Number of protein chains: 2
Amino acid sequence: MVAVSETPSRQEQKGRTREAILNAALELSSTHGFAQISLRQVSRQAGVVPTAFYRHFESMDELGLALVERSFLTLRTMIREAQRDPQVFENIIDASAEVLVRVVKQNRMHFAFVARERASGSAAVREAIQRELELFISELAVVLARLPNIETWSSEDVKLAAGLFVRNMVYRAEQVVQMPEGRPDREEEITRKARREMRLIVLGFEAWES
Amino acid sequence: MVAVSETPSRQEQKGRTREAILNAALELSSTHGFAQISLRQVSRQAGVVPTAFYRHFESMDELGLALVERSFLTLRTMIREAQRDPQVFENIIDASAEVLVRVVKQNRMHFAFVARERASGSAAVREAIQRELELFISELAVVLARLPNIETWSSEDVKLAAGLFVRNMVYRAEQVVQMPEGRPDREEEITRKARREMRLIVLGFEAWES
DNA sequence: TTCCTCAGTGAACATGCGTACACTGAAATT
DNA sequence: AATTTCAGTGTACGCATGTTCACTGAGGAA
């Protein structure tokens, strides 16, 4: 047998430990909520002594912010990939509802973190999530603005509609996160409801006059 | 001088202490979140020794449930009173938006508690809030079902629409709670947005076909 | 080869926590 | 008047926490 793995450089090793801490925090907070987990618990789960934590983050608060950043990075990547799905062009609403459920299931913990800490994290974490969601709404607004019925709206109205959409999606995402494993019936129900809600909102679009 | 106040009965006194504990918990959790406050902090703020806590609640979890119950009781009472406002009959949407902002401002801490713990409390607290919100949606659905455009809908569709409404109201309520004191401009903005969102949804109603 | 850098260690600390226990004294009951 | 009930007290405990400090030893630079 030959040793295949090279000795990792110092940077690499540091990066790995950092990842281990982030993952430990994400996992622990998925059951108890980020606010209630301790620096020592996170370190223990990451396989590291409490003092080593400080080599990577100054405080739990800073860890929280890093977690927000990483979660949204994952989510944005996934959703951009999903937008390339050819189905999405054919029927935006039906495809979006299915994509939503699929994407959330694939990244359950990231969504759970965002949904939970949005309302309850430390002030800094809350604000960071709020900002990211606003960004998300603005992105969607740009997409919406190209739709036939919407071209003539004021940009404020488009953002309003986008906000309605995103907030409803966040709610349905929360439900998918809470959903017990292996319940395709619940999954189907959530997808169906999301689809109908989006239809209802879109019907509002069509009748809107600024 | 004559002693005006009668000596309170044992029951009365117990009730007062219970209230003191509930208020202490509500106030403390408005800054740090219910999950992070300790039995000792609550007792201290209520002016009582930690052990006395157990005469009223078996655990912090039970306190949390009592807080959910009391908050929703307050909220339901206020909203039912608001429904008697004659303006509400004339123009449901515009009046509702204003009532929403006013009611939330009057009971800031109760709304803050519900909004925050909805996503992040202990499992028991979360489920209790979820259940109360479902009840609330059902109540609204009954009101909506009497509207002219909606009479013919299936009851599932009516609940769907009611859910959309309530969830959006919860979101706007969160904003009112976070709103800094003495900012009538922010208040006006939130009212205006809530109004338009509700209009957009109502337009969807009108175009809906089951 | 020699020296330096620095990610991770391990012991020690003060503090706040939940809960058990025996208690007090006034209101309620007899 | 005598007795019981029970909301609230005070002490004491074992435990987990955040942070400090001096340390080790392997990777990287000289």
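Everything numeric in this text was worked out from a predicted model, so none of it was measured. All chains are named by letter (A, B, ...) in the order of the sequence lines, taking the proteins before the strands, and each is independently numbered beginning at 1.
B/Arg18 places its CZ atom 12 Å from the P atom of D/dG8, with the value rounded to the nearest Å. Rounding to whole angstrom units, CD of residue A/Glu58 and C1' of D/dT19 are separated by 13 Å. Nucleotide C/dG8 holds its P atom 13 Å from the CZ atom of A/Phe53, rounded to whole Å. With rounding to whole Å, B/Arg55 atom CZ is found 12 Å from C/dA22 atom C1'. When the P atom of C/dG25 is taken as reference, atom CD of B/Gln13 falls 17 Å away, rounded to whole Å. The CD atom of A/Gln11 sits 10 Å away from the P atom of C/dA7 (whole-angstrom rounding). Distance, A/Met60 CE to D/dG18 P: 7 Å, rounded to whole Å. Atom P of nucleotide D/dT17 and atom CD of B/Gln36 are separated by 15 Å, given to the nearest angstrom.
The shortest side-chain heavy-atom distance between A/Val114 and A/His110 does not fall under the 4.5 Å cut-off.
Here B/Arg44 reaches the OP1 or OP2 of C/dC17: one of its side-chain N or O atoms lies under 4.0 Å away. When the side-chain nitrogen and oxygen atoms of A/Ser38 are compared with OP1 and OP2 of D/dA16, none of them lie within a distance under 4.0 Å. OP1 or OP2 of C/dG18 has not a single side-chain nitrogen or oxygen of B/Ser59 nearer than 4.0 Å.
The side chain of A/Val49 has C/dG10 as its nearest neighbour among D/dT9, D/dT19, C/dG10. In the set D/dG28, D/dG18, C/dA26, D/dG28 carries the atom at the smallest distance from any side-chain atom of A/Ser9. Listed candidates were C/dG18, C/dT9, D/dT9. Nearest to the side chain of B/Leu39 is C/dG18.
Inspection of the A/Gln13 and A/Arg10 side chains reveals no N or O donor paired with an N or O acceptor under 3.5 Å. Checking B/Arg70 against B/Asn23 by side-chain atom types alone, a donor-acceptor pair falls below 3.5 Å.
With the nearest nucleotide of DNA chain C identified for both A/Gly47 and A/Arg10, A/Arg10 has the one nearer the 5' end. Residues B/Thr17 and B/Arg40 both approach DNA chain D. Their nearest nucleotides, taken by heavy-atom distance, put B/Thr17 toward the 5′ side. Mapping A/Thr51 and A/Gln41 onto DNA chain D by nearest heavy atom places A/Gln41 at the nucleotide closer to the 5' end.
A salt bridge is absent between A/Lys193 and A/Glu188; no separation between the charged side-chain nitrogens and carboxylate oxygens falls under 4.0 Å. For the pair A/Arg192 and A/Glu197, the salt-bridge criterion is not met [side-chain N within less than 4.0 Å of a carboxylate O].
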